[in-house]
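Quick notes on the structure that follows.
Just so it is clear: chains get the letters A, B, ... in the order the sequence lines come, proteins before strands, and each one is counted from 1.
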Amino acid sequence: MEGPLYQKWVDAGYFTPAPEPPPGAEQFVIVLPPPNVTGSLHIGHALNHSAQDVVVRRRRMQRYDTLWLPGMDHAGIATQNVVERELAKEGLSRHDLGREKFVERVWEWKAAFGGEILGQMRRLGDSVDWTRERFTLDPGLSRAVHTMFHRLYHDNLIYRAERIIHWCPRCMTALSDIEVEHEDVDGELISIRYGSGDHSIVVATTRAETMLGDTGVAVHPDDERYRHLVGQQVELPLTGRLIPIVADDSVDPDFGTGAVKVTPGHDPNDFEIGQRHGLPALIVLDERGNVTAPGPFLGLDRFEARPAVVAALKEEGRIVAEKRPYTHSVGHCSRCGTVVEPRLSLQWFVKVEPLAREAGQAVRDGRTKFVPEDMARRYFDWVDNMHDWCISRQLWWGHRIPIWYGPNGEQACPGPDEKPPDGWTQDVDVLDTWFSSGLWPFSTLGWPEDTADLGRFYPSTVLITGYDIIFFWVARMMMFGIYALKRPPFATVSVTGLVRDQGGKKMSKSAGNVIDPLEWMDRYGTDATRLTLLRGAHPGTDVSVSEDWAAGSRAFCNKLWNATRFALLNGAVVGELPPSEELSTPDRWILSRLTATVAEVDRRYEQFEIARACEVLYRFTWDELCDWYLELAKGPLARGGVEAANTRLVLGHVLDVVLRLLHPVIPYVTETLWTALTGAESVVIAPWPSLDEGRPDPVAESDVLTLMRLVTEVRRFRSEQGVKPGRKLAARLSGIKGSVAAPYEAEIRALARLELPGPGFSSGAQLPVDGVVVEIDLAGAVDYVAERKRLERDLGQVVKELAQVTAKLDNDQFKSRAPSEVVDEMRARQARANIEINRLQSQLDGLPS
RNA sequence: GGGCGUUUAGCUCAGCUGGAAGAGCGCUUCCCUUACAAGGAAGAGGUCGGCGGUUCGAGCCCGUCAACGCCCACCA
């Protein structure tokens, strides 16, 4: 039913806000983190989108002016890689096509295969406004990107400089810090002697090949071992070059030999040392990672060059100690896994400090709140320590940098409506994909134009996202939003955890523990999949999911289905409820429990405690509604008359309310059941339940508790005595007259399977409960076979324990106690066991055969 | 190297401001009772990671140790 229902909702326009904001309605806007155009729905999306959908659907039912805007990110490197791989199959590279043709090809790819995830979002039930779908490369959004760049440039917040950046030799582009993943790698620390005799110094390195680019050696200024060498020159092996020894505070005298080889062209620290001491930066690796230094290594790949350089050094007797295993952290390209190479290169940067300061301030002064609050700390860690952001990428897929260069080396940044001077050429690089993502909360609404949507829907109310992207994405939206519109882009950032497997491990393809939400939707249904994830979605904490949970969620949906079916078969209707005085105690009880449920569910939702809300609803529906109320309703329904009419109304009402409460979590099942129950158009646009729809009734609650205790006591007695569930017991309920349970004797008898006492009744067992005594005639009622089996089992257990007494004492006690004590203890245990055996045996003997 | 988090029943996890230990799954026993066997009824199972402290009272607060996990990072 899922597909047609979703289509019905879209066709009816439920997810699209009214053309004009309804008078008096407050806005509720949620920012969808735009998935990559190459993406496919994974379990993390499923959790995140479900959580967002819950919040949005509830607000919509509460009659907020609600917008959830969908769209996709062009995902620069990721997408370009996909298309490049496709071209490779045809034996082509992007250079064979040329820039224009290649970009065309990417657009064709997008039209044919991109955006698969949008269909998957429909499937998941995301109640997004498809009429406002956006893509980061749409003309409007590109205009926003250009405008933003233009403004930042003229505010001196964007600059171009030669810096050491992370370079991916496979993608052949610069990367920002966040596109690099650090991983511990086992390497070797190699000690090399530079210079000779008194004029020599030993340095340590893990990247031997970079020595080809060394232009100095640095030591700590206070290091006595090397003081005499500072200012001198040593010979760089294999090259014959002389390089100076400099003194620099950044050197740790306790690490390695206390002397550092300085490679300003390929190491960020070394670059800074080089700047301080006027050491030139040599580039010895090209953009593919091949050696460019003249000599025998020219053209070798960096990983071929490393052993080759070591071998050559060895031959010259330059390797001092044996190479030592050394674990250190190495950066990898987050897109392709290639080891990144630090490389000096001319790139564009955003000057982050002033923007990040504002972004931090907005959270510090409470304009934007984190839920849970602790998550703000992670955010501060990030915004307070951000480096300048490298935004240029040597790619073709993306927003081209809006800078033009003149014939004499001038540069200009015209605005989106200005023309660059004739004959000038545009920068060939594109912008980091996160640059446009950072504008998402307002570029999607028409900024920089002063559109109606922008006024109506900015800033947004809440952002719901996993903590894994707080840093790069959230921080960037905050910086840009505050810069462009003077207000942070959202009032609340609600953080969800990551989805993990049953062992709490992160899901990854290599670990083979990935759960595919699409497969779950096939096997358990979309609603069960959503419920499974949401039942674990405590704010900010990771969710461990498993098949068991999914099966449990499916069972819940099924339970709800069957309960509603039962209600409809018995004529449940939604209508005006009779006054409480006319209702039975169970009717008043369930209405009272409903009030409590509405109140608690609402409170939990309000605080993003979706898991708690689900739990409360689960408990109410299953334990109270199905296990007790439905059972208690069967009597009145069968008896007919006013009782039955009232019960039908109460049942219809309770289901009406509980289905509306559940709708945000399990939209499809609730839509089907609620429309069947009410005959109304759709639960999507039904009003959110209010407290008025329940009736608190402490007296009914306590009375029904008594009734439950009576039934449960009898059931326990039956179970313990081995009475078959099907067998009815003759019983007298003495003292029930005048008790609160009096009107429900019939219900109690039905639920506990008790018959009226007949002639010759004899009271064999008495169960006192709240002033009522249930007297049961045991004649012929007890299943002595079952009782005998039970006693025999217990007896066997005690005999076994007796046999183990000696062994247990050996293990546990013998060493630490005096032998006489041990013997005493053993005798005591044997005595206790024998008493128990005798007791059980005599009970067994006393049973009728 | 820095920061954060977790540790409660066999498994996965709740437990709000300290006031008599909870759920789901699994397990045991019985039951196809006309909404539901993807179900019903009744049970077993925990020294709340260790140690120390505060308190009339600690799963919850403080200290400390341990194990596990995550994030950040320009340690040659």
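Summary of the strand contacts: A/Asn570 and A/Ala555 both lie near RNA chain B, and taking for each the nucleotide with the nearest heavy atom, the more 5' one is attributed to A/Asn570. Mapped onto RNA chain B by nearest heavy atom, A/Lys634 and A/Val260 fall at different nucleotides, with A/Lys634 at the one closer to the 5' end.
Not a single donor-acceptor pair under 3.5 Å links the side chain of A/Arg648 to the backbone N or O of A/Leu568.
One atom, CD of A/Glu631, and another, C1' of B/rG40, lie 8 Å apart when rounded to the nearest Å.
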**OP:** State the dot-bracket string of RNA chain B. Criteria: Watson-Crick or G-U wobble, both atom distances under 3.5 angstrom; notation: ( ) intrastrand, [ ] crossing earlier pairs, | interstrand, . unpaired.
**Re:** (((((((..((((.....[..)))).(((((.......))))).....(((((..]....))))))))))))....
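Taking the P atom of each, B/rU7 and B/rG59 are spaced 15 Å apart, rounded to whole Å. The same atom, C1', is picked in B/rU33 and in B/rG39; the two are 12 Å apart, to the nearest Å. Annotation: B/rG2 and B/rC60 have their P atoms spaced 28 Å apart (nearest Å). Nucleotides B/rC13 and B/rG19, compared at atom C1', are 24 Å apart to the nearest Å. The C1' atoms of B/rC61 and B/rU17 are separated by 12 Å, rounded to the nearest whole Å. Across B/rC51 and B/rA58, the matching C1' atoms stand 15 Å from one another, rounded to whole Å. Rounded to a whole angstrom, the distance from the C1' atom of B/rC68 to that of B/rG49 is 11 Å. Only the P atoms considered, B/rG45 is 16 Å distant from B/rU29, to the nearest whole Å.
Near RNA chain B, meaning a heavy atom under 4.0 Å away, the residues from residues 602-611 of chain A are A/Arg603, A/Arg604.
No hydrogens or angles considered: a donor-acceptor pair under 3.5 Å links the side chains of A/Tyr194 and A/Asp214. Residues A/Trp628 and A/Asp623 bring no donor and acceptor atom of their side chains to less than 3.5 Å of each other.
Rounding to the nearest 0.5 Å places CG of A/Asp527 at 10.0 Å from OG of A/Ser553. Atom CG of A/Leu282 sits about 10.5 Å away from atom CG of A/Leu344, to the nearest 0.5 Å.
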So which protein N/O to nucleotides 31-33 of chain B N/O distances come out below 3.5 Å?
unit_1 : atom_1 : unit_2   : atom_2 : d
B/rC31 : OP1    : A/Lys724 : NZ     : 2.9

With the criterion being N/O to N/O and under 3.5 Å, what pairs connect the protein with nucleotides 17-24 of chain B, and how long is each?
unit_1 : atom_1 : unit_2   : atom_2 : d
B/rA23 : O3'    : A/Arg619 : NH1    : 3.4
B/rA23 : O2'    : A/Arg619 : NH1    : 3.0

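Taking 4.0 Å as the cut-off between side-chain N and carboxylate O, A/Arg612 and A/Glu606 do not count as a salt-bridged pair. Looking at A/Arg604 and A/Glu600, a side-chain N of the basic residue comes within less than 4.0 Å of a carboxylate O on the acidic one, giving a salt bridge. Ion pairing between A/Arg554 and A/Glu547 fails under the 4.0 Å rule for side-chain N and carboxylate O. We find that A/Glu755 and A/Lys728 are not joined by a salt bridge, their nearest charged nitrogen and carboxylate oxygen being 4.0 Å or further apart.
Among the atoms of the strands shown, only primed sugar atoms or phosphate atoms (P, OP1, OP2) are found under 4.0 Å from some heavy atom of A/Thr712. Within the nucleic acid shown, A/Asp381 comes within 4.0 Å of sugar-phosphate atoms alone, with no base atom in reach, counting heavy atoms only. Residue contacts for A/Arg377: at a heavy-atom cut-off of 4.0 Å it reaches the sugar-phosphate backbone alone, with no base atom in range. If you check every strand for non-hydrogen atoms under 4.0 Å, A/Glu181 touches nothing. When heavy atoms are screened at a 4.0 angstrom cut-off, A/Leu630 is found touching base atoms of the nucleic acid. Residue contacts for A/Cys557: at a heavy-atom cut-off of 4.0 Å it reaches no nucleic acid atom on any strand shown. Within 4.0 Å of A/Arg207, counting heavy atoms only, lies no atom of the nucleic acid at all. Residue A/Arg554 is classed as a base contact, given a heavy-atom separation below 4.0 Å to a base. Residue contacts for A/Asp627: at a heavy-atom cut-off of 4.0 Å it reaches the sugar-phosphate backbone alone, with no base atom in range.
With B/rA76, B/rC36, B/rA73 as the choices, the nucleotide that has an atom nearest any side-chain atom of A/Thr206 turns out to be B/rA76. Side-chain proximity of A/Asp267 to the nucleotides B/rC13, B/rC36, B/rC74 is greatest for B/rC74. For A/His387, whose side chain is taken as the heavy atoms from C-beta onward, the closest listed nucleotide among B/rA76, B/rA73, B/rC74 is B/rC74.
One finds a side-chain N or O of A/Trp622 lying less than 4.0 angstrom from the OP1 or OP2 phosphate oxygen of B/rG40. One finds a side-chain N or O of A/His182 lying less than 4.0 angstrom from the OP1 or OP2 phosphate oxygen of B/rC74.
In plain terms, the two heavy atoms of A/Val340 and A/Cys333 that are nearest each other are CG1-N, 3.4 Å.
Residues forming a salt bridge (Lys or Arg N to Asp or Glu O under 4.0 Å) with A/Arg276 (at least two apart in sequence, or on another chain): A/Asp248.
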Please set out all donor-acceptor pairs under 3.5 angstrom arising from side-chain atoms of residues 161-169 of chain A, sequence neighbours excluded.
unit_1   : atom_1 : unit_2   : atom_2 : d
A/Arg163 : NH1    : A/Tyr159 : OH     : 3.2
A/Arg163 : NH2    : A/Tyr159 : OH     : 3.2
A/Trp167 : NE1    : A/Glu287 : O      : 2.8

